[in-house]
Amino acid sequence: MPKRTYQPHKRQRKQEHGFMKRNASVNGRKVLKRRRIKGRAKLSV
């Protein structure tokens, strides 16, 4: 039987989708802004 598709790694997840990564680029900041407007409890990982 094959492995499951999602093999979680906390460090990699933070590096790819974390707040610092989002805040580093203009488009990432747009993502955070949209999520704030929507009223998300969590903006990023």
Side-chain angles (χ1 to χ4, degrees):
M1 211 172 154
K3 285 205 302 187
R4 289 278 166 236
T5 50
Y6 184 57
Q7 305 288 324
H9 290 90
K10 281 185 186 175
R11 189 177 171 188
Q12 188 161 357
R13 184 165 158 80
K14 268 190 141 174
Q15 282 174 345
E16 299 298 322
H17 310 288
F19 184 82
M20 300 289 274
K21 181 82 174 242
R22 290 268 190 257
N23 223 16
S25 70
V26 177
N27 287 323
R29 283 196 291 275
K30 284 180 188 173
V31 170
L32 293 174
K33 186 182 172 187
R34 280 197 306 268
R35 289 172 74 90
R36 278 195 188 97
I37 290 165
K38 192 171 185 181
R40 293 266 185 182
K42 274 181 74 174
L43 296 178
S44 61
V45 176

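The analysis underlying the following values was restricted to heavy atoms, covering all of them including side chains, and did not include hydrogens, waters or symmetry mates. Residue numbers count from 1 along this sequence.
Here the closest heavy-atom approach between residue Gly18 and residue Ser44 is recorded as C-OG, 3.9 Å. Among all heavy-atom pairs drawn from Met1 and Arg4, the shortest one is CE-NH2, 4.0 Å.
Side-chain atoms of Arg29 come within 3.5 Å of backbone N or O of Asn23 as a donor-acceptor pair. With hydrogens and angles ignored, the 3.5 Å screen pairs a side-chain donor or acceptor of Arg35 with a backbone N or O of Lys42.
One finds the CZ atom of Arg13 at 13.0 Å from the NE2 atom of His9 (value rounded to the nearest 0.5 Å).
At most 12 heavy atoms of other shown residues, nucleotides or ligands fall within 6.0 angstrom of atom CD in Gln12.
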query = After noting the C-alpha distance and the side-chain angles of Lys30 and Arg34, does the key distance pass the side chain to side chain contact (heavy atoms under 4.5 Å, CB included) rule?
reply = CA-CA 6 Å; Lys30 284 180 188 173; Arg34 280 197 306 268; 4.2 Å; yes
request  = Apply the test side chain to side chain contact (heavy atoms under 4.5 Å, CB included) to residues Lys21 and Gln15: give CA-CA distance (whole Å), side-chain angles for both, the deciding distance (0.1 Å), then the verdict.
outcome  = CA-CA 7 Å; Lys21 181 82 174 242; Gln15 282 174 345; over 6 Å; no
